[in-house]
Amino acid sequence: MSVGVVRETVLSTLREALEDARASGDLKLTTLPALVLDVPKKTAWGDLATTVAMNLAASERRAPHEIAEIIAGRLRSHPEVLERIDVAPPGYINLTVKRDLWFRVLAEIEAQGEQYGRSTLGLGKRVLLEFVSANPTGPLHVGHGRGAAVGGALANLLQAIGYEVTTEYYINDAGRQVRLMAASVTAVQNPPEDGYKGAYIADLAKQLHDRQQAGDLRSGLSESEVAEWACSQLLQGIKTDLRAFNISFDRWFSEQKDLFDSGAVSQALGWLKEKGYLFEQDGALWFKSTAFGDDKDRVVRKQDGEYTYLASDIAYHRNKLDRGYDLLINIWGADHHGYIPRMQAVVQAFGCPKDRLKVVLVQIVNLLRGGQRVTMSKRAGEMITLREVVEEVGADAAKFIFLTRRADSQLDFDLEVAKQQSAENPVYYVQYAHARVASLFRVAAERGVPVQRTSKVDWSVLSSPDDLELIKPLAEYPALVEASAQALEPHRLTYYLQELAARLHAYYYKHRILPPALEQELDNKDNLKASAQETDRERKRETLTPALTAARLCLFRNVQSVIRNGLGILGVSAPERM
RNA sequence: GCGCCCGUAGCUCAGUUGGAUAGAGCGUCGGGCUUCGAACCCGCAGGUCGCAGGUUCAAGUCCUGCCGGGCGCACCA
């Protein structure tokens, strides 16, 4: 089952109904339309709805509601799947799923465990996901953190739908910026005009001096030797910070070693030249990117003989393509969006469709503290680093908040809110739901309440609408993971988890799961305060049988399981207690 | 000037790839712990989806033009 037992079952029933209608001549159906099931906004409109009748109206040349009635009639011969089929104007078909089918979702979750929500859509396809890729000229800041969170979640999402994912960090350890950084370290008292400032530069300078005094490093290093040393120092820091943020990479790809030293740059450019995509003009070497839809042609080697950044990127993407990936995904800062057309031109020059490369843009993070903007100036080296944020608010909170907005919209990140363990902080809301269920099972164990497997549970006792409202999102989870992965939008999962947690909390408050510890508690139910609200009284009036306890425990365990799986994809922990 | 992204409740944002009467959190106001975790729950109020056209049976979503904001437009990275 790729999108869950309920959707799969209903979809195949719908498909069958359409084929029947075609066979009998009621519908022409020259082509079978794509079948889509929506979750209606209102529960009164059923569990699932399809707009297929409206979409067919033009090709069938009939009124949507007539088509809907034909399909609905066929569907009504499947009472084992659909309890109720309604046609609503102008041509919606609203479906109410048979109750038994919902309970099969719980069995499915229990059987699949950590595998629940995974599918095989991307099976056999390999994707290279490149992200963060910050220059090794300084520590990672919050913006990089957001890119890391998005990249990590995306890697997990794509893996969940069956892709074979390789994550990669591209190290820009060649070129001007690195030389500038090295020069800033060497001449720390008298830094170059546009050089790097910041305390970490002074630290590196001191460390370099100390090491040379101690004889660990020889004195009189050349500029490129200083650069190499400083880069590796900074890269170690970056790796440490990412590890603390719980983000890992399969490969660290060095511009200097893997592209220049290996000859990949000249090789890739040579290939382009052979194909006629390079030309010389004004003493520079140009890539004819306009041949592939770019605004203007781009320089790859400057008059002074130095390669531009694009030259490296051409070689890098050639290398990626040569490694045989079906899809390349790059995660970039949104300020680099103008770079997309030329990189897609590169991909096309190498004979691939331009959408072989997809770019996810990540917008800036506005760092706040108690509503006040924290000012940052890269020039002066005043940056709040990722390390500082993770140390202050924790990796889970930082990650979750980074993923609460779509990647390409700006994000306000308030350090005080992120630290707060309150309702304002969505990560705790979701984690609390998980911990709460864990706690429930601890208490159940203490009191000797048996926990049964799904197959042993009598589902008929879960007769309230609240039960179904908690199960339905569980059934949607696989479809959500699939859609979220395909759209490259992990924030959808973040929203989903908040919604699921909300339903769990509401249910938990309203209904009792375990029998009271003491007999006398049952006698206290007459002592209710007059002000108690309707739901309170309902809850207290409910008679709790062992069968009901067993069913609810089972339901909760499966909700917990889905929350855990979802948090896992986001890279956020699911604590047993908080 | 050209290109890309964005204008949705007081604030911050979702909106299932074009579907039904546009949602959530925060904030305001008002309620709720003798119980299994109150890091929680329930309720009230809050909208001309920037504006104007167009396509469609159907537009917050697509096309055009304005208005307003962000970001790009290097032989920088």
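Chain A is the first sequence line, chain B the second, and so forth, proteins listed ahead of strands; every chain is numbered from 1. Note: hydrogens, waters and symmetry copies are ignored here, and every other heavy atom, side chains too, is used.
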**Study point:** Criterion side chain to side chain donor-acceptor pair (under 3.5 Å) on A:Asp467 and A:Tyr507, from CA distance to verdict
**Key:** CA-CA 8 Å; A:Asp467 299 310; A:Tyr507 188 102; 2.5 Å; yes
Practice item. Give the rounded distance in Å between these two atoms: CG of A:Leu504 and P of B:C36. Key: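 Between P of B:C36 and CG of A:Leu504: 17 Å.
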Check your understanding: Could you state the CG-C1' distance from A:Asp466 to B:C42, rounded to the nearest angstrom?
Key ->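 A:Asp466 atom CG is separated from B:C42 atom C1' by 13 Å.
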Point to revise | Nearest-nucleotide 5' precedence on RNA chain B, A:Arg447 against A:Asn55 | key: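 That would be A:Asn55.
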**Study point:** Comparing A:Glu255 and A:Glu489 on RNA chain B - which has the more 5′ nearest nucleotide
**Key:**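 The residue closer to the strand's 5' end, by nearest nucleotide, is A:Glu489.
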Expressed in whole Å, how much space separates the [atom1] atoms belonging to [N] and [M]?
N: B:C44; M: B:A9; atom1: C1'; result: 15 Å
N: B:C6; M: B:G60; atom1: C1'; result: 13 Å
N: B:C2; M: B:G19; atom1: C1'; result: 36 Å
N: B:C13; M: B:G53; atom1: P; result: 29 Å
N: B:A22; M: B:C67; atom1: P; result: 31 Å
N: B:G68; M: B:G27; atom1: C1'; result: 26 Å

Of all the nucleotides listed ([options]), which has the minimum atom distance to the side chain of [X]?
X: A:Arg436; options: B:G37, B:C57, B:A77; answer: B:G37
X: A:His337; options: B:C36, B:C71, B:C75; answer: B:C71
X: A:Gln303; options: B:C75, B:G70, B:U17; answer: B:C75
X: A:Asn135; options: B:A14, B:A77, B:G19; answer: B:A77
X: A:Ala49; options: B:C41, B:G19, B:A20; answer: B:A20
X: A:Tyr339; options: B:A77, B:G37, B:C75; answer: B:A77
X: A:Asp38; options: B:U17, B:C41, B:A77; answer: B:U17
X: A:Thr308; options: B:A20, B:G15, B:A77; answer: B:A77
X: A:Val443; options: B:C5, B:G37, B:C75; answer: B:G37
X: A:Ala506; options: B:U17, B:C41, B:C36; answer: B:C41

Review point. Could A:Asp86 and A:Arg84 be called an ion pair, given the rule that one side-chain N must be under 4.0 Å from one carboxylate O?
Key: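 Answer for the salt bridge query: yes.
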**Study point:** Side-chain donor/acceptor of A:Asn94 to base of B:A20, under 3.5 Å
**Key:**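 Answer is yes: a donor-acceptor pair is held.
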Check your understanding: Got a donor-acceptor pair under 3.5 Å from the side chain of A:His336 to the base of B:G72?
Key ->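 Between B:G72 and A:His336, which were checked side chain against base, a qualifying N/O pair under 3.5 Å is absent.
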If the plane angle is over 60° it's perpendicular, under 30° parallel, otherwise tilted; pick one for [X] and [Y].
X: A:Phe253; Y: A:Tyr170; value: tilted
X: A:Phe413; Y: A:Phe402; value: tilted
X: A:His336; Y: A:Trp332; value: tilted

Check your understanding: So, is B:C33 syn or anti if syn means the angle is within 90° of 0?
Key ->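 With its glycosidic angle within 90° of zero, B:C33 counts as syn.
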Practice item. Classify the glycosidic conformation of B:U17 as syn or anti, calling it syn when the angle lies within 90° of 0. Key: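 B:U17: syn.
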Using a cut-off of less than 4.0 Å, is there contact between a side-chain N or O of [X] and OP1 or OP2 of [N]?
X: A:His491; N: B:C13; result: no
X: A:Arg405; N: B:U12; result: no
X: A:Arg442; N: B:G37; result: no
X: A:Tyr429; N: B:C41; result: yes
X: A:Tyr432; N: B:A39; result: yes
X: A:Ser439; N: B:G37; result: yes
X: A:Ser409; N: B:A14; result: yes
X: A:Arg406; N: B:G15; result: yes

Pair assignment for [N], Watson-Crick or G-U wobble, requiring both distances under 3.5 Å:
N: B:C36; result: none
N: B:G3; result: B:C71
N: B:U64; result: B:A52
N: B:G30; result: B:C42
N: B:A20; result: none

Point to revise | A:Thr96-A:Asp47 side chain donor-acceptor pair, cut-off 3.5 Å | key: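 Result is no, nothing qualifies.
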Check your understanding: Between the side chains of A:Tyr428 and A:Asp396, does any donor sit under 3.5 Å from an acceptor?
Key ->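 The answer is no; no qualifying pair exists.
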Might you list the N or O atoms of the protein lying below 3.5 Å from N or O atoms in nucleotides 21-23 of chain B, with each pair's distance?
unit_1 : atom_1 : unit_2  : atom_2 : d
B:U21  : O2     : A:Lys42 : NZ     : 3.3

Can any side-chain N or O of [X] pair as donor or acceptor with the backbone N or O of [Y] at less than 3.5 Å?
X: A:Gln410; Y: A:Val365; answer: no
X: A:His505; Y: A:Tyr429; answer: yes
X: A:Ser484; Y: A:Glu489; answer: yes

